[in-house]
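Take a look at the structure below.
Chain identifiers are assigned alphabetically (A, B, ...) following the order of the sequence lines, protein sequences preceding nucleic acid strands; residue numbering begins at 1 within each chain. Since the structure is predicted, the reported quantities are computational estimates derived from the model, not experimental observations.
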Amino acid sequence: MRVLAILLAPWLLCADGGALLFRQQAGDRILSVFTAPAELTAGPAEITVLVQGENGRPIIGEPVEVALIDDGGTVVSKNAVWGGAGNSALAATRLLAPHAGDWTLCVRNGARLVSKKVKVRDAPGRFLSHWRAWGFVPVLLGLFLWRQWLVLNGKPAGLF
Amino acid sequence: MSAEALAFSSWRWDSGVAIPLMVAAWLYWLGWRKLHSERPRRYPSARLISFIAGLSLVALAILSPFDAFGGLLLASHMIQHLLLMMAAPPLLLLGQPILPIVRALPACFVRTVFAPFLHAAGLRRWCSFLVHPVAAWLLYNAMAVGWHLPAFYDAALRNKGLHELEHLCFLVTALLFWWPVIQVWPTATRWPKAAIVGYLAAADVVNTALSAFLVFSGHALYATYRDGPRIWGFSALDDQIAAGVIMWVPGSVAYLLPAVVLAMQMLSATSPDGNASRLVRPSEFLGTAEKAAIPLKIAPVKRAKRDWDLLRLPALGGILRAPLFRRGLQVVMFALAALVMWDGWFGPPVAGLNLAGILPWIEWRGLLVIGLLVVGNVFCFACPFLLTREAGKRLFGPRRRWPKALRSKWFAAGLLTAFLVTYESFGLWSRPAWTAWIVAGYFVAAFTVDGLFEGLSFCKYVCPIGQFNFVASVVSPFEVKVKDMSICRACRTYDCIRGNQNHRGCELDLFQPLKQGSFDCTFCLDCVAACPHLNVGVLPVVPGRAVLVEQRRTSIGRLARRWDWTVLGLVFTAGAFVNAAAMTGPVGEFLMKAQSLGAMGRLGGTVALYGAGFGVTALALAVCVRLSRLGDTDFSLCLETSRKETAGSYSWALAPLGMAMWSGHSLFHLLQAGSVGTVLERLAVPHVTLSVGPDAVFSLQLVLLGVGMLMSSVLLWQKASAGPKGQRPWLETLRAWTPWAAFAAALYVAGVWVFLQPMEMRGAG
């Protein structure tokens, strides 16, 4: 069932970091937070976190919780999952920002907490980042019209 | 786990990359096998190994840790680029892939889809220009240098879509670059080998300059790596120097090795081609089969007899034909319906915890569309309401016919509309008890209607689910259909509709030889069992083709002249968009405001919403009819009836877009809700919880909508090209097609907008 789901879900495990949003030291850890899309938009966003020790070596398996809090007090939070991203060094989760506006992105790693103010924009940018899922429409439609033109107007020429 | 171990475990699956690669490998293998058996010297095993190795390197570049760590390590990213530009493309081209892939495709597909392009002189000139050494060299090096400029490189690392575009540019331009070096069929050899050696050496100079810049620049050029975390302990500058060295040394080898091979060939006395520029003759490569597959005349494929039948497959066919199998499925569905009613009345009132909230509104809808997209009208095949309907028939033995005034789709289209409005107004997804009453009401209605009237009156004239399935199965890939029409012409018993002593005929009055599409067909397979010649089966068809048939159909007549059917189709299509839009934030807010006025306010708001949706659709339809016939000179086409026919005919071509919207919407709930776990919990079945990420679902929705848009556009074109045409047929067809295509595009944009909105997870919580 899982294999089938993975085969059918084209981008189920595609999170591999995204763009670096911020990097902060918290106690004896350095937390780097990546987001995809790079500019957060209303709707789902992939958040991945790299936890490093003071020597810079990646640390995996520790609990990581990610939360989005808006100025009105709305909280959207989830635990990040190790192995949920393409890059095994990252803990990944998906958060759904219900609306655009000013939010604070908080990441908790045990008792350590880092945060940053982020601007969540309206959704259309999300459409552009999925170009593989819609780009085939204009291309194939153009090819179809061209084919029809060739069939109806073109003079058959020798292939060779 | 060490950082090194993490790197080696960071593989990922991306079906958008992996599936095309697997399809390419499979097609190549099919074609290569044929060519290898005919000309083993021209297509030796080395070609197969080379092509598969090329595909494997593309997969390695995109799905391996090189990609996963590309955002953290420039050296890893550089290896990925080298694989895409210097390793995979020459291997792919050494497989001489064009001919094997053409040989693997069905001849009719090559003839209808590819042949017009292959014959287009302009296209061939343009392709020749692209693979000309000068153009290919410039394009390739422009891409290599351009994408490595810090602004573009960092932008690609910040944006996933741009990053994918960068890889695509590298791969495509590299294929063009290596084309003249490998001399891929069917292009002619343009330059002598000595010139190609210079071509490769010049590319190496650019590569050397670029890599030297990375190595000796003295500071980290790319902000992403400069500001990002370092996980292996070495600095961003060290990483950049390592990347430069990787680009320099293996990159130079990739250019110089083939240059050396070419030089040796030039110097060798046994070289078959020498230095002369020579046109590669197709007769060297093409067998009879290829020549037949790429003919000059593009003729339609005529097929008198269909052989492939789902019902004749080993094992599966026998199971599908067995009446007991169908009855068994109906009993299972009946048991599930009974569970829904029981839980709806006596279970928890929270929809997300109740089978009546989950099974019908999330699971069943999703599975229904999957069945329609993959096979056909499978729900009607397993419909549980038929059990009570059979009971009614046996109990009352009806003799009356369904009232003549109601023998159309008007009543059913009205019921479907009422159902959609009721669902939205009263929030049926959140009311398990109401849902249970609706299911119970369905059983009573089937029992009563078919207990009182003969035939399958309930399915044909009443059932909204049935009407939905009849319209949706326009896009289904299978149909109950006659195999050999000549047998039907000789038949005088008409068992498929009349029945015989052992089997009943079609209760929906569908006469198989005149049946087109699955309109009114419940997949009951009575006609299959009744036909004494075994001439009816479940056959593959081209999805959407049924709407192109203009001649008279059994039990319907001409579809374009049936205004009730047209309205039913439009309710289906427009309803798909309005139903999904009602769940989005902006429309939801409007409905909430309406609800604040009271229960009737919500009903009023929903009626207004559907009224607006259907009104806009009707208006657009009228405008499209008007615009598409602006240039008509035939006076008879201006008659009122003819306008109706035009609307009726074209509107069916929009059904695939409607089905795409229903599918995207239903699958969103099925995949996102994670409610399978809840259902299995309620049924005390051990399970693994499964939920698919929102980005994956959004991609799936866009793909479905895109396929629907393409299908509708092609069908609209076929409709537009059906009429008589003058001197400029393409332009005249384009003129008639454009307004309808614009309407389809507007629906597509509306669908994308709906899918972009954060959606309410109905029935899941």
Side-chain angles (χ1 to χ4, degrees), chain A residues 1-2 5-7 9-14 16-20 23 30 32 34 36-38 42-44 46 50 52 56-58 60 86-89 94 96 98-99 123-124 126-134 136-137 140-141 144 147-154 156-160, chain B residues 1 3 6 9-16 67-69 71-72 113 116-121 157-161 164-165 224 227-231 233 282 294 296-298 585 671 688 690 692-696 698-700 702-703 706 709-710 713-714 717 729-730 733 748 752 756-758:
Chain A
M1 187 73 173
R2 272 192 169 166
I6 288 168
L7 284 173
W11 293 275
L12 182 63
L13 301 175
C14 71
D16 62 331
L20 179 70
R23 194 164 173 244
I30 303 165
S32 303
F34 302 84
E46 289 172 1
L50 173 69
Q52 291 172 282
R57 303 289 287 182
I60 63 163
N87 186 331
S88 302
R94 293 187 181 91
L96 188 89
H99 58 79
R126 196 172 149 226
F127 175 68
L128 294 177
S129 69
H130 285 75
W131 66 273
R132 283 199 307 186
W134 56 262
F136 70 97
V137 179
L140 291 182
L141 199 54
F144 171 74
R147 180 204 176 272
Q148 297 307 111
W149 183 83
L150 289 169
V151 169
L152 293 173
N153 284 0
L159 179 55
F160 308 108
Chain B
M1 197 187 283
L6 286 173
S9 65
S10 296
W11 290 80
R12 69 191 182 101
W13 169 266
D14 181 346
S15 58
D67 185 70
F69 279 82
L72 299 175
V113 177
F117 294 112
L118 292 172
H119 293 130
L157 283 168
R158 289 182 61 78
N159 186 304
K160 190 176 137 200
E164 289 166 348
L165 183 67
T224 308
D227 305 335
R230 312 301 314 165
I231 59 173
I294 314 172
L296 280 179
K297 287 188 177 177
I298 304 149
L671 297 172
V688 177
L690 179 73
V692 180
D695 254 15
F698 181 55
S699 289
L700 183 65
L702 287 180
V703 169
M709 172 70 192
L710 284 175
S713 302
V714 171
W717 181 275
W730 188 80
T733 307
Y748 173 79
V752 171
L756 272 169
Q757 306 304 311

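Residues passing the side chain to side chain donor-acceptor pair (under 3.5 Å) test with A:Ser32, sequence neighbours excluded: A:Arg23. Taking the ring-ring contact (aromatic ring centres under 6.0 Å, His included) definition, one finds that A:Phe136 meets it with nothing, sequence neighbours left out.
Contact between A:Ala133 and B:Ser699 at its shortest, heavy atoms only, is CB-O, 3.7 Å. Across all their heavy atoms, B:Leu165 and A:Trp131 have their closest contact at N-CZ2, 3.7 Å. A:Val137 and B:Gly706 make their closest contact through CG2-CA, 3.3 Å (heavy atoms, listed as atom of the first residue, atom of the second, distance). When every heavy atom of B:Pro116 is checked against every heavy atom of A:Val151, the shortest pair comes out as CG-CG2, 3.8 Å.
When the candidates B:Val714, B:Val113, B:Val752 are compared by the number of heavy-atom contacts under 4.5 Å with chain A, B:Val714 comes out ahead.
Contacts between A:Gln148 and chain B at a heavy-atom distance below 4.5 Å involve backbone atoms as well as side-chain atoms. For a residue to count as touching a neighbouring chain, one of its non-hydrogen atoms must lie under 4.5 Å from one of that chain's; by this rule A:Leu141 touches chain B with backbone and side chain alike. Both the backbone and the side chain of A:Trp134 come within contact range of chain B, with heavy atoms under 4.5 Å apart.
Between the CG atom in B:Leu72 and the CG atom in A:Leu20 there is a gap of 9.0 Å [rounded to 0.5 Å].
Residues A:Phe144 and B:Leu710 form no side-chain contact, since every pair of their non-hydrogen atoms from C-beta on lies 4.5 Å or further apart.
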